[in-house]
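Numbering of residues begins at 1 and proceeds along the displayed sequence.
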Amino acid sequence: MGEKLLEVKDLTINFSGLKAVDTLNFSIDKGEIFGLIGPNGAGKTTTFNMISGALKPTSGEVWLNGQRIDGNYMYQTNKLGIARTYQNINLFRSMTVLENLLVGQHCRLTCGLAPAILRTPRERKEEAAAVEKAKETLEFCGLNEKMDVYSNSLSYGEQRILEIARALVSDPYLIILDEPAAGMNPTEKNSLADLVQRIRAKGVTVLLVEHDMKFVMGITDRICVLNYGKRIALGTPAEVQANPEVIEAYLGGGD
């Protein structure tokens, strides 16, 4: 076992009496690619939302690098080192690719409104560094030739990658990918798998939800399986694939 980056302890959330997530426990080691899978409605995205600060848990705890973060707002969680993408593409469509990545760095910028209006030397230096960081990230993600293109004119697969780039540019410890391969063709999925591996090689830990089992099983180190908001399995891809409860609940058992 490696050094823990994220710990989820007895995480629970109720919606009008319904437990969407029920006493969920798992931890993610630094440098892991960790998968969260389960049938539709199992509580995967709800779990993501509680970790990232979009939802407040009813009870339980979330710890990042030894600091408790459940109950934080999303901007606070982002500043502490968690960045995420979404099931539905959520880009600034009237901005260029480069501008989307500049917005993605807002949590790391320190100049306020007055320096921006006055264009102080410190503000200009910070802006130049942000532009350079955005360009480096776009090159890493293979979008450097599209930096001046409006995001709404990118192909579907490129928009998915841009969302990942925008999350990555904030220098997170943990990047959360919510169904990143959804709608991609096989070639795009192969490129995405390569990108996720390279993100891990940069020292960024990855947590992902994905319904494409071939993609998940081929890229993750460990997988947590949810069903009706409860954990039913946790282990390596091989262990999860062989688990009878997982076969019955999600992967498709026989008669």
Side-chain angles (χ1 to χ4, degrees), residues 1-13 19-52 57 60-66 82 84-85 87 164 172-182 184 186 189-255:
M1 295 290 291
E3 184 180 356
K4 287 182 174 59
L5 175 69
L6 185 81
E7 294 181 86
V8 170
K9 301 179 179 180
D10 295 326
L11 202 61
T12 299
I13 190 166
K19 284 188 177 181
V21 176
D22 187 0
T23 57
L24 177 61
N25 289 275
F26 66 83
S27 63
I28 302 176
D29 295 338
K30 290 182 178 179
E32 264 195 307
I33 300 175
F34 189 94
L36 191 63
I37 68 172
N40 288 330
K44 306 180 298 297
T45 295
T46 301
T47 298
F48 272 18
N49 287 338
M50 288 189 286
I51 292 171
S52 65
E61 302 173 0
V62 180
W63 294 76
L64 178 71
N65 276 327
I82 294 180
R84 66 167 296 177
T85 65
Q87 278 186 21
I164 295 173
Y173 295 113
L174 174 71
I175 187 168
I176 298 176
L177 307 178
D178 198 348
E179 298 189 25
M184 286 187 169
K189 287 180 182 179
N190 288 337
S191 297
L192 174 62
D194 176 69
L195 176 59
V196 173
Q197 294 281 12
R198 290 189 290 112
I199 288 172
R200 187 249 292 275
K202 284 172 64 72
V204 180
T205 303
V206 180
L207 168 60
L208 68 89
V209 159
E210 183 53 59
H211 284 296
D212 186 320
M213 287 298 98
K214 182 179 179 181
F215 183 88
V216 171
M217 298 299 173
I219 199 172
T220 53
D221 300 302
R222 289 188 302 137
I223 298 170
C224 176
V225 188
L226 298 183
N227 195 27
Y228 296 109
K230 295 185 72 72
R231 192 185 94 184
I232 62 171
L234 176 65
T236 66
E239 290 168 342
V240 165
Q241 282 180 300
N243 186 296
E245 279 193 85
V246 176
I247 294 171
E248 178 66 26
Y250 189 49
L251 297 179
D255 293 335

Worked verdict on C224 versus T47 for side-chain contact (heavy atoms from CB on, under 4.5 Å): CA-CA 12 Å; C224 176; T47 298; over 6 Å; no
Closest heavy-atom pair and its distance - L11, P57: CD1-CB, 3.7 Å
Audit row: D29, K4, side-chain contact (heavy atoms from CB on, under 4.5 Å) steps and yes/no: CA-CA 4 Å; D29 295 338; K4 287 182 174 59; 3.9 Å; yes
Side chain to side chain, V209 and Q87, heavy atoms closer than 4.5 Å: no
Distance in Å, L192 CG paired with L208 CG, rounded so as to fall on 0.5 Å steps: 8.5 Å
Option from V246, I247, T220, V216 for which side-chain contact (heavy atoms from CB on, under 4.5 Å) with V240 holds: V246
Nearest non-hydrogen partners of E32 and R222, listed with the distance: OE2-NE, 2.6 Å
Min side-chain heavy-atom separation F34-L6 under 4.5 Å: no
Any side-chain heavy-atom pair of R84 and L207 under 4.5 Å: no
Student check: side-chain heavy atoms of L177 and E210 closer than 4.5 Å: no
Considering all heavy atoms, the nearest K44-P39 contact: NZ-O, 3.0 Å
Contacts under 3.5 angstrom, residues 227-235 side chains, donor-acceptor by atom type, not counting sequence neighbours:
{"residue": "K230", "atom": "NZ", "partner": "D22", "partner atom": "OD2", "Å": "3.4"}
{"residue": "R231", "atom": "NH1", "partner": "N25", "partner atom": "O", "Å": "2.8"}

Full working for side-chain contact (heavy atoms from CB on, under 4.5 Å) between L64 and V62: CA-CA 7 Å; L64 178 71; V62 180; 6.0 Å; no
Main-chain N/O of K30 paired to T205 side chain as donor or acceptor, under 3.5 Å: no
Side chain to side chain, E239 and I223, heavy atoms closer than 4.5 Å: no
Identified side chain to side chain donor-acceptor pair (under 3.5 Å) counterpart of D178 within the set T85, N49, T45: T45
CG on L5 to OH on Y173, rounded to 0.5 Å: 9.0 Å
Closest non-hydrogen atom pair between M184 and K189, with its separation: O-CE, 3.3 Å
Test log, rule side-chain contact (heavy atoms from CB on, under 4.5 Å), inputs I199 and I175: CA-CA 9 Å; I199 288 172; I175 187 168; 4.2 Å; yes
Interatomic spacing from CD in E7 to CG in N65 - rounded to 0.5 Å: 10.0 Å
Listed partners of T46 passing side chain to side chain contact (heavy atoms under 4.5 Å, CB included), at least two apart: I13, F15, A20, V21, M50, L55
Side chain to side chain, P172 and I82, heavy atoms closer than 4.5 Å: no
Heavy-atom pair with the smallest gap, counting every atom of P237 and M217: CB-SD, 3.7 Å
